[in-house]
2 protein chains.
Amino acid sequence: MQECADCPIRHRAVCARCEPDELDRLDSIKYYRSFEAGQTVIWSGDAMDFVASVVSGIATLTQTMEDGRTQMVGLLLPSDFVGRPGRSRAAYDVVATTDIVMCCFRRKPFEDMMVRTPHIAQRLLEMTLDELDAAREWMLVLGRKTAREKIASLLAIIGRRDAALYLSGKAGPLTFDLPLTREAMADYLGLTLETVSRQVSALKKDGVIVLEGKRRVIVPDMNRLLEEAGDDSDGGMLS
Amino acid sequence: MQECADCPIRHRAVCARCEPDELDRLDSIKYYRSFEAGQTVIWSGDAMDFVASVVSGIATLTQTMEDGRTQMVGLLLPSDFVGRPGRSRAAYDVVATTDIVMCCFRRKPFEDMMVRTPHIAQRLLEMTLDELDAAREWMLVLGRKTAREKIASLLAIIGRRDAALYLSGKAGPLTFDLPLTREAMADYLGLTLETVSRQVSALKKDGVIVLEGKRRVIVPDMNRLLEEAGDDSDGGMLS
DNA sequence: TTAAGTCCTTGACCCAGATCAAGCCGGGAA
DNA sequence: TTCCCGGCTTGATCTGGGTCAAGGACTTAA
């Protein structure tokens, strides 16, 4: 399908630190899979004989209770890793929210390779620590923020990520597309979709954001949005 | 202070996989620190020139917003790891809830050693993945469970851990001490301490738990408690 | 033995967000 | 060109858990 050398996530995925020879070996055990928007990639509890990186598109990690209540526990963007070495069954549902392409490795060969290739294990550790930090920030959002602050937090997170990807300049209004439906946003934030809709409308009415259609968001003043999110004005950057 | 060989967390902490020679090297850079119940070990944002394992006692990881709202984002038990290699400032407040002893390593030497000792990095990856799973389960609790389910979930988590530590037999009523105040439980669960108190009383009135004093909890029927927590009756074990 | 402090419980009331319900909007199929 | 249909908005009402307030149960200190 594609050479690792010109892979769009070459420098951010688990393989980021690999040397050319290591990359060759990975190359030989990788294969691509595509899923359409809305498809379930993996069901929680199912056998999972591979691990993978998201190459393009967006997927979600969700947990569901017997009575149908669901909570999103991860948002998978390009370069994010799916699956856990050493675990044979999926712990969460993985659903494609847009069309996606994943770069897969059969689990066993990947595990073997991890033992012999510290560069992979190192990178995976780093990525896992980042995800843990994100999960902890998210816990504050879920546990203590109001509905309005939750929405503002989510917009800030998505906006910041988009800015990191596409721009480096810091000034001017930020524009991006929401990759999530109102319902998915509700599952992310522990709200109902009605509340999400109301709070998005309220932020719009108050001029914190501008909407173009239902999905395109313009943020005239990022600091204002961060204030609404209840975050430190400087975003609390860590090194 | 103590030899690694007879350290109580020797086989569960970051050093679990180390060979004798690796352990010797760790031994030479380690030092112990003690903190009293209530003491703050580290303030979020402060410089942090060490990483550490909890040897005994319990500590919490919390995040605080400017207006004082706080959310616990981690509960640190013996063998748990504190700090992040590569990061020089603490991202969270760490507070001792009981008297604790920590086994510390200066950050730089530890990082150097990690590069040269895959056994340490491997173990840290495994522990971090476990924590990420725990954080995700916690997100479901915070986002979607009712106050009663939250309390039942917390009791189930603490009860299960105690059972794993002290008993192996599966039958009979489970007894344990709550290591947290009502306020800490509230911070864990995204509730107020009044609601925690009310729901604990309600579970007691309904016979789900029995209280001896305010801290000692007896669970006559673990399955009943898990039902109240909204979990699968079998606890959803993963390999 | 009292006093002061910490932790916990309980009651009364209120409100943010859930629930229930109706209808709008825009795109694709016939 | 109309008709779905999925995604979204908005209104009316209800309620779980927050807030405010009072007081109980221990523990330590004088």
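Chain A is the first sequence line, chain B the second, and so forth, proteins listed ahead of strands; every chain is numbered from 1.
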Original post:
Does a side-chain N-to-carboxylate-O contact under 4.0 Å join A/R224 and A/D206?
Top reply: no

**OP:** Taking only the side-chain nitrogens and oxygens of A/S201, find out if one of them lies under 4.0 Å from OP1 or OP2 of D/dT10.
**Re:** yes

Subject >> Check: A/K145 side chain, A/G230 main-chain N or O, donor-acceptor pair, under 3.5 Å >> reply: no

Original post:
Using a cut-off of 4.0 Å on non-hydrogen atoms, how would the nucleic acid contact of A/L193 be classed: base, sugar-phosphate, or nothing?
Top reply: base

Subject >> Whole-Å distance separating the CG atom of A/L178 from the P atom of D/dG7 >> reply: 15 Å

Original post:
Mind checking which nucleotides bracket the chain B contacts on DNA chain C, 5' to 3', with an atom under 4.0 Å from a heavy atom?
Top reply: C/dC8 to C/dA12

Original post:
With sugar-phosphate meaning primed atoms plus P, OP1 and OP2, does B/G190 contact a base, only sugar-phosphate, or nothing at under 4.0 Å between heavy atoms?
Top reply: sugar-phosphate

**OP:** For A/T181, report the nucleic acid contact type (base, sugar-phosphate, nothing); a contact means any heavy atom under 4.0 Å.
**Re:** sugar-phosphate

Original post:
How close or far is atom C1' of D/dC8 from atom CG of A/L191, stated in whole angstroms?
Top reply: 16 Å

**OP:** Keeping the roles fixed (side chain from A/W138, backbone from A/Y188), state whether a donor-acceptor pair exists under 3.5 Å.
**Re:** yes

Original post:
Less than 4.0 Å between a side-chain N and a carboxylate O, is that true for A/D80 and A/R12?
Top reply: no

Original post:
Partners of B/R216 by side-chain hydrogen bond (donor to acceptor under 3.5 Å, both in side chains), sequence neighbours excluded?
Top reply: B/D177

Subject >> Lys/Arg-Asp/Glu bridge criterion (N-O < 4.0 Å) met for A/E149, B/R69 >> reply: yes

Subject >> Passing candidate, side chain to side chain contact (heavy atoms under 4.5 Å, CB included) with B/I42, options B/D93, B/V94, B/L61 >> reply: B/V94

Original post:
Taking atom P of D/dG17 as reference, at what distance in whole Å does atom CZ of B/R144 sit?
Top reply: 14 Å

**OP:** Taking only Lys NZ, Arg NE, NH1 and NH2, and the carboxylate oxygens of Asp or Glu, determine whether A/E131 and B/R136 approach each other closer than 4.0 Å.
**Re:** yes

Original post:
Below 4.0 angstrom, N of the basic side chain to O of the carboxylate: do B/R87 and A/D133 qualify?
Top reply: yes

Contact list (N/O, under 3.5 angstrom) for nucleotides 19-26 of chain D vs protein:
residue	atom	partner	partner atom	Å
D/dT19	O4	B/R198	NH2	2.7
D/dC20	N4	B/E194	OE2	3.2

Original post:
Looking for any heavy atom pair under 4.0 Å, which part of the strands does A/R148 touch: base, sugar-phosphate only, or nothing?
Top reply: nothing

